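One structure below.
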Protein chains: 2
Amino acid sequence: MSTDITIYDIAKNFNVSPSTVSRALKGHKSISKKRTQEIQAYAREKGFQVNSVAAKLRTQKTHTLGVVVTWINQPFFASLISGIESVAQEHGFHVIISQTHDQHDLEVQVVNNLFNSRVDGIIISLAIETESFAHLEQFKNRNVPLVFVDRVPSAFKGDKVIIDNFQSAFIATEHLIKQGYKRIGHITATGKLIFKQRLDGYKAALNKYGLDIDESIIASAPSLSEENSLAIARKLLTQENRPDAIFAAIDSTAVITIQLAKEMGLNVPNDLGVVGFNNDPISSVVDPQLTTISQPPVLMGKIAAEHVLNNKEHMSEVITLDTELIVRGSSVRLTEGNSNGKDLSSKQFSSQDMGQ
Amino acid sequence: MSTDITIYDIAKNFNVSPSTVSRALKGHKSISKKRTQEIQAYAREKGFQVNSVAAKLRTQKTHTLGVVVTWINQPFFASLISGIESVAQEHGFHVIISQTHDQHDLEVQVVNNLFNSRVDGIIISLAIETESFAHLEQFKNRNVPLVFVDRVPSAFKGDKVIIDNFQSAFIATEHLIKQGYKRIGHITATGKLIFKQRLDGYKAALNKYGLDIDESIIASAPSLSEENSLAIARKLLTQENRPDAIFAAIDSTAVITIQLAKEMGLNVPNDLGVVGFNNDPISSVVDPQLTTISQPPVLMGKIAAEHVLNNKEHMSEVITLDTELIVRGSSVRLTEGNSNGKDLSSKQFSSQDMGQ
DNA sequence: AGATATTGAACAATCGATTGCGTAAATTGC
DNA sequence: GCAATTTACGCAATCGATTGTTCAATATCT
C-alpha cells in the first residue's frame with residue numbers, strides 16, 4: 001500500500017520547488033540540463049507518474065473523448081468505437097464509452113455525466129430522433145467539439161459524419177430492379193431518420209423505374225430485433241401476392257429473411273431476392289451470401305475522432321462517406337445450367353486483422 | 001461561450017461559504033432545510049453541474065473503470081464491454097476502453113495511462129501471455145481492484161473471470177467423437193493460454209477414447225485472421241489422409257473451414273464435421289449452422305464489473321462460468337432419407353435485444 | 001569596470017470541490 | 001434563568017500539478 005510519489009516529494013529530495021520539478025519533468029528549457037537529468041532519473045527510479053486528475057483540473061483539459069452509442073455490441077458500433085479509440089490513443093486521448101440502450105432518458109443522463117466529466121469532445125450516435133437537444137446544447141456553450149455519427153439529428157446543427165442513406169438505399173433497390181425483380185418489399189424500423197431515408201431511397205428507385213409503391217409489402221417495427229424481424233418477414237412472405245424480393249434496412253433482418261425463406265422451401269435468389277444494409281460479418285457467412293451496402297464503420301470512427309480532435313473552427317460540417325453495393329449471391333438470379341451461386345461469392349477480407 | 005458556474009458563484013449569490021453550498025447540494029443534514037432548498041433551486045435554475053474533475057482530485061475517487069481488450073470489434077469483447085458498461089452505469093461509474101491490438105508494448109502503455117488517470121478499478125484481457133507484470137503490479141500496490149477476464153495470466157495472482165477452456169474443448173471434441181468422426185483435426189492459435197488449454201482439452205478427449213493424436217492434423221498460427229485461418233484450413237483439407245472433422249478454436253475459423261469445404265465440394269457434416277468455439281452471431285448464420293461452445297460474454301462482463309465494484313477483500317478469486325455445447329447441423333451426420341439438416345437448426349435468440 | 005542580457009529557479013496563485021474542526025446563535029432542559 | 005445541547009454555518013487546509021511573474025546570480029558585451 002505504497003502511497004504515490006508526487007512532485008512535492010521529488011522537490012523535497014532535491015531541495016527545489018515543485019515548479020522546478022514540474023518543468024524539469026517535461027523538459028522545459030528554463031531548467032538547467034543537469035537538474036533536468038537528475039530529476040528525471042530520480043523520478044524514473046522512484047516510479048513517479050503524474051497524477052493526471054490534478055493536471056486535468058489545473059489545465060482544464062481532460063484529454064478524454066466521450067462516445068455515446070445505443071449498443072456497444074452491435075458490429076457497426078463496435079467497429080466505429082474501435083476506429084475512434086485507435087485515433088484517440090495516437091493523440092494521447094482516452095475514450096469513455098456509454099450506451100443508451102436506445103432510450104432517450106438514458107441518453108440524457110449519460111451525456112450529462114460526460115459533460116460533468118469535462119470531456120474534451122464528444123461523438124454521439126443518437127438514441128431516438130427527438131426535438132429536445134438541451135443535453136447537447138451545453139457542449140456548444142462550453143465550446144466542446146461535438147460530432148454526430150450515423151444517426152444524426154435533422155434539427156440540430158453540428159458536425160456530422162454520415163453516409164448517404166437515401167442514395168445507398170436507392171442503389172440497393174435499383175440493383176434488385178435491374179435483376180428483374182418486380183415486387184420488391186422493404187423491412188425497416190420506425191422512428192429514426194436513417195431508416196426514413198432508406199425508405200425514401202427505396203421508394204424513389206421504385207418510382208424511377210415505374211414500379212408501384214405497395215404499402216402492403218412495406219413493413220416496419222420500432223426495433224429490428226430478431227423476434228420482430230422474423231415476425232415481419234414471415235408476414236410478408238406468407239401473405240398472398242408475396243414480394244419476390246426484399247430490401248431489408250439492416251443485414252441481420254436480411255439474414256433472418258433468407259433463413260426463413262429457405263425454411264419455407266423458397267430458393268434465394270431465384271424465388272426471392274434479398275439485399276441488406278451494413279455489410280456486417282454475417283452477410284458474407286449466410287448462404288447464399290448477402291448482397292448488401294457496405295459502409296465503413298472503422299473509417300467513420302477514425303474520421304469522427306480526427307474531427308473532434310482537430311476542431312479548429314467549429315463550423316457545422318457534414319462529411320458524407322462513400323458506400324458501396326457489394327453484390328453477392330442473394331440477389332442475382334441463377335442462369336440455366338448453373339446450379340449453384342458459388343461463382344458469385346465475393347470473398348472480402350476486412351482491412352483490419354480481426355484474428356483473436 | 002458561457003463560463004461554467006461553480007459553487008463559489010452560488011456561494012456569492014447567497015452570501016454563504018462554498019462549503020455550505022457544497023453541503024447543501026448533496027443534502028447534508030447540517031444545513032437548514034430552507035438554505036438547502038433555495039440553494040438547490042438556484043443551482044438548478046442556473047444549470048450548475050459539479051466539476052467532477054475537481055471532486056475527483058479532492059476525494060481521490062474517479063468513479064471510473066478501465067477496460068483493456070485486444071480488439072473492441074470482436075463480438076466477444078464487444079459483448080463483454082457492453083456488460084461491463086451496463087453494470088458500471090448503474091453504479092454511477094464511467095468506463096474507459098483501451099485496445100492493445102494484441103501488442104504487449106501497447107498494453108503496457110495503455111495500462112500505464114489508465115493508472116495515471118487514477119481509475120478505481122481495471123478489467124483486463126491480456127494481449128500476450130507474458131512474464132512481465134510490472135504494469136499490473138502497480139495497481140496492487142495502490143490497492144486498485146484488478147480483474148482478469150477471458151485471457152488471464154497463469155503466473156499472476158488476482159481475481160479472474162473465466163470459462164473452463166480445457167473442459168469445454170474436451171466436450172466439443174467428445175461430441176465429435178460420439179458422432180463417429182475418427183480423424184479429428186484442430187486449428188488453433190499459438191502463444192495464448194486459452195488456446196493452449198483448448199488444445200489440451202482436445203487432446204485429452206482423443207486420449208480418453210483411444211484415438212491417436214496426429215500432429216499432422218493439428219495446425220496453428222500466431223493469430224487466426226481470416227487469411228491465416230483459410231490457409232490452415234486449406235492445408236488440412238487438401239492433404240492426403242485429410243481429417244474427417246475439425247474442431248476450430250474460434251468460430252470465425254470454423255466458419256471459414258465450412259465455407260472452404262463447401263467450395264471443395266465436401267458435404268458438411270457428412271464428409272466433414274465442424275465445431276467452433278464462442279457462439280458468435282455468425283455461428284447460427286452459416287449453413288449448416290455451426291455446432292459451438294457458447295460462453296456468456298455479457299454475463300462475464302457484468303460479473304467482472306460487479307467484482308471490481310464490490311471489491312471488499314482482495315483475495316484472489318477465480319470465477320469459472322459455465323459454457324454450453326450448442327449442437328447444430330455442422331457436426332451431426334445426416335441419417336438416410338433425411339436430405340436436409342434443417343431439423344437440427346437450433347434457433348436461439350440472445351437474451352439481449354440487439355435490434356438497431 | 002560598468003551596463004546589459006541571459007540563465008535558472010523560487011513564489012504564489014490557481015483549478016473547484018470537499019471536509020475536519022471550530023464557534024456563534026438558537027434551542028432545550030431543569 | 002442559566003447551563004447544556006443542538007443547529008447552522010464559516011474557516012482554512014487539502015488534493016497535485018501548472019504557470020505567469022519576479023528575482024538573484026552569472027554571462028556577455030562595449
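Model, not experiment: these values are computed from the prediction. Quick note on labels: first sequence line is chain A, next is B, and so on, each numbered from 1. Computation of the quantities below employed the complete heavy-atom set of this structure, encompassing side-chain atoms and omitting hydrogens, waters and symmetry-equivalent molecules.
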TODO: Verify the contact: side-chain N or O of B:Gln60 to OP1 or OP2 of D:dG16, cut-off strictly under 4.0 Å; return yes or no.
DONE: yes

- [ ] Output yes when a side-chain donor or acceptor of A:Gln103 lies under 3.5 Å from a complementary backbone atom of A:Thr100, and no otherwise.
- [x] no

Task: DNA chain D-proximal residues of residues 30-50 of chain B, any heavy atom under 4.0 Å - done: B:Ser30, B:Ile31, B:Ser32, B:Arg35

Task: Interatomic distance where NE2 belongs to A:His28 and C1' belongs to C:dG8 [whole Å] - done: 11 Å

Open item on the list: Using whole Å, what does the distance between atom P of nucleotide C:dA17 and atom CZ of B:Arg58 come to?
Closed with: 13 Å

- [ ] Indicate yes or no: does B:Arg151 engage B:Asp102 in a salt bridge with an N to O separation below 4.0 Å.
- [x] yes

Task: First encountered from the 5' end of DNA chain C, between A:Lys29 and A:Ala54 - done: A:Lys29

Task: Check ion pair B:Asp120-B:Lys56 (N to O, under 4.0 angstrom) - done: no

TODO: Using whole Å, report how far CG of A:Leu25 lies from P of C:dG8.
DONE: 17 Å

TODO: Taking the side chain as every heavy atom from C-beta outward, state whether B:Ser98 and A:Glu85 have any atom pair closer than 4.5 Å.
DONE: yes

Open item on the list: For D:dT18 and A:Lys26 - does any side-chain N or O of the residue sit under 4.0 Å from the phosphate oxygens OP1/OP2?
Closed with: yes

- [ ] Choose from C:dT19, C:dC15, D:dA17 the nucleotide whose nearest atom is closest to any side-chain atom of A:Leu57.
- [x] C:dC15

- [ ] Return the residues of residues 8-24 of chain A meeting this criterion: a heavy atom under 4.0 Å from some atom of DNA chain C. Order them by number, or give none.
- [x] A:Asn15, A:Val16, A:Ser17, A:Ser19, A:Thr20, A:Arg23

TODO: Give the intermediate values and the outcome of ring pair (Phe, Tyr, Trp, His ring centres under 6.0 Å) for residues A:Tyr42 and A:Phe48.
DONE: CA-CA 9 Å; A:Tyr42 182 82; A:Phe48 168 83; 9.8 Å; no

Task: Heavy-atom side-chain proximity of A:Arg118 to A:Gln60 below 4.5 angstrom - done: no

Task: Ring-face cation of A:Lys140 near A:Phe156 (centre distance under 6.0 Å, axis angle within 45°) - done: yes

- [ ] Would you indicate whether the side-chain heavy atoms of B:Thr20 and B:Ile31 approach each other to under 4.5 Å?
- [x] yes

Task: Interatomic distance, A:Ile194 atom CD1 to A:Ile162 atom CD1 [nearest 0.5 angstrom] - done: 11.0 Å

TODO: Rounded off to whole Å, could you give me the CD1-to-P distance for the B:Ile7 and D:dT14 pair?
DONE: 18 Å

